Amino acid sequence: QVQLAESGGGLVQPGGSLRLSCEGSAVFGSTLRLNTMAWYRQSSGKERELVADITSEGNTNYGAAVKGRFTISRDNAKNAAYLQMNSLRPEDTAVYYCNADYLLFADSGTVAGRLWGQGAQVTVSS
């Protein structure tokens with residue numbers, strides 16, 4: 001009924017940039033509202049870690065490893081979030097996951113929950 005779709009991953013050289021996108025969608029006839037949206041990442045052999053999050057009002061929070069290099073933004077009208085990644089390093093290589101807290105309004109009632117995207121591979125290598 002509700003899903004997050006990510007796009008924009010790929011291979012980039014150290015020092016390069018990539019932009020990830022994440023858009024939420026729901027079944028026709030219902031209304032989706034995304035509250036706090038976030039990007040997490042998980043590299044091989046490591047636990048999933050928070051990269052950045054953003055509230056519906058636009059307040060942001062960043063993990064220490066990416067502060068000053070990555071920028072999270074959102075478009076509430078599109079139920080979308082973006083992650084602009086600059087000055088990429090090999091240690092940024094990971095699968096990046098979009099996450100969102102949501103409310104779904106339908107004729108049958110209101111549902112709240114948390115969504116995860118399918119993940120986007122980002123590889124930083126020369």
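As the structure is a prediction and not an experimental result, all values here were calculated from the model.
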Peer 1: Can you tell me how far apart CG (N86) and CG (D92) are? Round to the nearest 0.5 Å.
Peer 2: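 CG of D92 is found 10.5 Å from CG of N86.
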Peer 1: Tell me whether V111 shares a hydrophobic cluster with M37, the cluster being built from Ile, Leu, Val, Met, Phe, Trp, Tyr side chains joined at under 4.5 Å.
Peer 2: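 Same cluster: V111 reaches M37 through Ile, Leu, Val, Met, Phe, Trp or Tyr contacts under 4.5 Å.
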Peer 1: Between R74 and N76, do the side chains contain a donor N or O and an acceptor N or O under 3.5 Å apart?
Peer 2: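 Yes, R74 and N76 have a side-chain donor paired with an acceptor closer than 3.5 Å.
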Peer 1: Measure across R114 and D101 and return the closest heavy-atom pair with its distance rounded to 0.1 Å.
Peer 2: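 In this case the closest contact between R114 and D101 is NE-OD1, 2.8 Å.
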Peer 1: For residues L104 and S30, report the shortest heavy-atom separation together with the two atoms involved.
Peer 2: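 Taking every non-hydrogen atom into account, CD1-OG, 3.5 Å.
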Peer 1: With a 4.5 Å cut-off on side-chain heavy atoms, are F70 and L88 touching?
Peer 2: yes
Peer 1: Looking only at side chains, do E91 and T93 share a donor and an acceptor under 3.5 Å apart?
Peer 2: no
Peer 1: Find out whether the Lys NZ or Arg CZ of R33 is both under 6.0 angstrom from the six-membered ring centre of Y102 and within 45° of the ring's axis.
Peer 2: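 So R33 doesn't make the cation-pi contact.
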Peer 1: Are any of the side-chain heavy atoms of S17 and Q84 separated by less than 4.5 Å?
Peer 2: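 In short, these two side chains touch, coming nearer than 4.5 Å.
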Peer 1: Do you know which two heavy atoms are closest between A26 and L32, and how far apart they sit?
Peer 2: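 Closest approach of A26 to L32, heavy atoms only: CB-CB, 4.0 Å.
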Peer 1: Could you walk me through whether L11 and S125 pass side chain to side chain contact (heavy atoms under 4.5 Å, CB included), step by step?
Peer 2: CA-CA 7 Å; L11 173 65; S125 175; 4.2 Å; yes
Peer 1: Shared ILVMFWY cluster between V66 and V12, side chains joined below 4.5 angstrom?
Peer 2: yes
Peer 1: How about CD on Q42, more than 12 heavy atoms from neighbouring residues, nucleotides or ligands closer than 6.0 Å, or not?
Peer 2: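 For Q42, atom CD is crowded (more than 12 foreign heavy atoms under 6.0 Å).
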Peer 1: Say whether, by atom type as modelled, one donor and one acceptor occur between the side chain of R69 and the main chain of S87 under 3.5 angstrom.
Peer 2: yes
Peer 1: Please say whether the positively charged group of R19, taken as NZ for Lys or CZ for Arg, lies over the ring of Y82, i.e. under 6.0 angstrom from the six-membered ring centre and within 45 degrees of the axis.
Peer 2: yes
Peer 1: Any idea which heavy atoms bring A100 and L34 closest together, and the distance?
Peer 2: CB-CD2, 4.0 Å
Peer 1: Taking only Lys NZ, Arg NE, NH1 and NH2, and the carboxylate oxygens of Asp or Glu, determine whether E49 and R41 approach each other closer than 4.0 Å.
Peer 2: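 Here E49 pairs with R41 in a salt bridge, since their nearest N and O are under 4.0 Å apart.
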Peer 1: I'd like to know whether C22 forms a side chain to side chain contact (heavy atoms under 4.5 Å, CB included) with W39, so could you lay out the CA-CA distance, the side-chain angles of the two residues, the decisive distance to 0.1 Å, and finally the verdict.
Peer 2: CA-CA 9 Å; C22 169; W39 289 95; 3.5 Å; yes
Peer 1: So how far is it from L4 CG to S25 OG, rounded to the nearest 0.5 Å?
Peer 2: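 One gets 8.0 Å once the value is rounded to the nearest 0.5 Å.
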Peer 1: Side chain to side chain contact (heavy atoms under 4.5 Å, CB included) for T31 and L103? Distances and angles first, verdict last.
Peer 2: CA-CA 8 Å; T31 300; L103 289 173; over 6 Å; no
Peer 1: Does some side-chain heavy atom of N61 sit less than 4.5 Å from a side-chain heavy atom of L50?
Peer 2: yes
Peer 1: Between L83 and V51, does the side chain to side chain contact (heavy atoms under 4.5 Å, CB included) criterion hold? Intermediate values first, please.
Peer 2: CA-CA 9 Å; L83 185 68; V51 175; 4.1 Å; yes
Peer 1: Which is it for Q121 and T123 under the side chain to side chain donor-acceptor pair (under 3.5 Å) test, yes or no, and what are the steps along the way?
Peer 2: CA-CA 6 Å; Q121 177 68 48; T123 302; 3.3 Å; yes
Peer 1: Would you say that Q3 contacts L115 through its side chain, given a criterion of any heavy-atom pair below 4.5 Å between the two side chains?
Peer 2: no
Peer 1: Short question: side chain of Q118, backbone of E6 - any donor-acceptor pair under 3.5 Å?
Peer 2: yes
Peer 1: Where is the tightest heavy-atom contact between V122 and L18, given as atom of each residue plus distance?
Peer 2: CG1-CD1, 3.9 Å
Peer 1: Roughly how far, to the nearest 0.5 Å, is CE of M85 from CD1 of I72?
Peer 2: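 Interatomic distance, I72 CD1 to M85 CE, rounded to 0.5 Å: 11.5 Å.
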Peer 1: Kindly determine whether Y40 and W116 satisfy ring pair (Phe, Tyr, Trp, His ring centres under 6.0 Å), including the steps that lead there.
Peer 2: CA-CA 10 Å; Y40 287 77; W116 287 94; 5.1 Å; yes
Peer 1: Starting at CG of N99, measure out to CG of D53 and round the result to the nearest 0.5 Å.
Peer 2: 9.0 Å
Peer 1: Can you find a heavy atom in the side chain of T71 that is under 4.5 Å from one in the side chain of Y62?
Peer 2: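 Yes, side chains in contact.
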